[in-house]
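When a residue number appears, it is its place in the shown sequence, counting from 1. Values reported hereafter were calculated over all heavy atoms of this structure, with side chains retained and with hydrogens, waters and symmetry mates removed. First listed ligand is number 1; within each ligand, the first listed atom is number 1.
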Amino acid sequence: MRLSRYFLPVLKETPAEAQIVSHRYMLRAGMIKQNAAGIYSWLPLGFKVLRKLENIVHEEQMRAGHVPMLMPTLQSADLWRESGRYDDYGEEMLRITDRQGRDMLYGPTNEEMITDIFRSHVGSYKDLPLTLYHIQWKFRDEMRPRFGVMRGREFFMKDGYNFDLTKEDALHAYNRHLVSYLRTYERMGLQAIPMRADSGPIGGEDTHEFLVLAETGESEVFYDSAVTDLRFGDRAINYDSHEECAAVMQEFTTKYARTDETHDEALFNEVPEERRRVARGIEVGQIFYFGTKYSEAMGAKVQGPDGKVVPVHMGSHGIGVSRLLGAIIEASHDDKGIIWPEGVTPFHCGIVNLKQGDEEADAACDTLYNSLTALGLEPLYDDRNERAGGKFATMDLIGLPWRITVGPRGLKNGVVELTSRRTGESEEMTPAMAVERVAQIYKGLTVRGI
Ligand code: ATP
Ligand code: MG
């Protein structure tokens with residue numbers, strides 16, 4: 001993309017309404033625009049990152065054997081009356097009446113709708129196990145929408161639902177989700193720690209939240225610092241193996257890590273004092289096992305191998321895809337702007353032309369641009385007729401992890417400069433070498449956006 005043809009409405013001033021750094025930078029970098037409290041337009045740069053996150057979530061869910069689909073944002077109130085949640089959900093539910101006077105709602109989540117789909121089509125244990133998921137906009141009329149996309153009213157969420165014959169199978173689905181979530185967050189350059197949590201209005205027995213540690217997080221968390229040393233990494237896993245998934249669950253949830261809702265002071269005090277941490281975190285996902293709560297209320301049953309008809313065991317599993325943009329920025333920025341992890345960056349590399357209009361500099365930039373593009377990479381070429389200082393400030397603000405700087409002086413010696421956004425370190429090299437280095441950095445990171 002050439003910046004002169006892009007839409008990147010960067011703000012010079014820091015917007016007064018933004019209280020936390022991710023909100024400030026998302027507004028300043030021209031990623032989002034608020035349209036009403038907690039409701040945002042995703043401008044091109046923000047949309048690009050959102051799509052990348054969505055793609056990572058899809059890839060990891062499908063890898064775990066979960067099946068993608070799409071349900072609508074608007075739902076009929078009838079299903080929610082069946083489960084009893086139409087009255088229970090309260091003011092967070094946006095209720096709408098259509099022209100026929102029918103009660104509708106903008107879905108805050110989809111347990112009822114998916115249970116209805118399931119009961120309409122599945123009647124035998126032979127069709128299980130089954131996990132269906134979608135990534136769709138949700139609406140919750142939050143009392144205090146704030147912090148930009150972190151606590152929106154309209155937000156983008158992955159929600160998945162497992163249907164299993166037995167509790168044991170459903171707990172395997174729970175563990176499988178935990179593993180797939182660990183992989184998902186790590187690919188986004190994030191450490192999200194599974195913490196024992198409270199199930200709240202969804203109801204159920206088992207639940208973990210995934211938290212990204214950050215001072216600006218809304219949740220208070222208590223943990224053994226040894227949990228921060230755990231990494232899933234690129235180890236191979238057989239998602240069908242109950243034992244393998246259970247072992248990962250054990251590994252990641254045995255050490256003390258809880259939100260304030262389930263915090264147990266006595267247990268916490270058993271952690272060696274020098275490893276006890278009290279901090280804040282951002283909830284970026286949650287997994288639930290809730291047994292037969294919805295399947296019994298809504299008649300989602302299957303015939304088992306013994307001929308008996310039984311309600312299925314279910315769980316639901318969410319990832320806050322739009323909130324993740326905020327969480328990533330909270331975890332990765334400096335005083336100049338965002339620093340995108342390579343796995344989610346909107347463009348792989350910036351190209352800054354120090355002297356637009358200089359024949360050689362323009363030609364060198366075009367060559368770099370074409371070579372990177374030919375390798376399947378997406379550069380953002382700042383081809384505007386602007387001063388170098390302004391170009392650097394924009395690149396630093398929008399946070400591309402790598403930048404190639406091209407100027408007539410370097411070109412006289414046959415070199416350009418490759419700069420790391422994270423360390424600020426620069427290295428001179430030939431343009432061909434710079435292309436090779438950037439290609440090397442992104443090798444294996446195949447996610448494309450839009
Ligand atoms: P919270 O406690 O933050 O209100 P929740 O526990 O009610 O969230 P879930 O039902 O678990 O939310 O939804 C799954 C995920 O969706 C959450 O882990 C979170 O990342 C994200 N999410 C929930 N509410 C919002 C919101 N208002 N804005 C953005 N993301 C949200
Ligand atoms: Mg939650």
For a 4.5 angstrom cut-off between non-hydrogen side-chain atoms, does [X] reach [Y]?
X      : Y      : result
Glu112 : Tyr294 : yes
Val67  : Leu132 : yes
Trp80  : Pro108 : yes
Asp116 : Glu82  : no
His208 : Tyr181 : no
Gln61  : Ser180 : yes

Would you say Gly152 contacts ligand 1, with heavy atoms under 4.0 Å as the rule?
yes
Is Thr109 in contact with ligand 1, taking contact as a heavy-atom separation below 4.0 Å?
no
Please indicate whether any nitrogen or oxygen in [X] is less than 3.5 Å from any nitrogen or oxygen in ligand 1.
X      : value
Glu209 : no
Ser322 : no
Glu218 : no

Is it the side chain (CB and beyond), the backbone, both or neither of [X] that lies under 4.0 Å from ligand 1, heavy atoms counted?
X      : value
Met150 : backbone
Arg151 : both
Arg323 : side chain

Main chain of Thr207, side chain of Tyr174: is a donor-acceptor contact present, judged purely on distance under 3.5 Å?
yes
Is there a donor-acceptor pair closer than 3.5 Å between any side-chain N or O of Asp224 and the backbone N or O of Tyr256?
no
For atom 26 (C) of ligand 1, which candidate among Phe288, Phe139, Phe147, Phe155 holds the nearest heavy atom?
Phe155
The option among Glu261, Met157, Gln286 carrying the non-hydrogen atom nearest to atom 13 (O) of ligand 1 is Met157
Go through the side-chain N and O atoms of [X] and [Y] and say whether any donor and acceptor fall under 3.5 Å apart.
X      : Y      : value
His242 : Glu168 : yes
His317 : Asp159 : no
Thr109 : Arg140 : no

Atoms of ligand 1 less than 4.0 Å from [X] heavy atoms?
X      : answer
Gly285 : 18 (O), 20 (O)
Glu142 : 24 (N), 26 (C), 27 (N)
Gly320 : 15 (C), 16 (O), 20 (O), 21 (C)
Val149 : 29 (C)

Please list all pairs passing the side chain to side chain donor-acceptor pair (under 3.5 Å) test where one or both residues lie in residues 12-33, with sequence neighbours left out.
Ser22-Glu330
Is the number of heavy atoms from other residues, nucleotides or ligands within 6.0 Å of CG (Asp234) greater than 12?
no
Please give me the protein atoms (N, O or S only) lying under 2.8 Å from the Mg ion (ligand 2), ordered by chain and number.
Glu283 OE2, Gln286 OE1
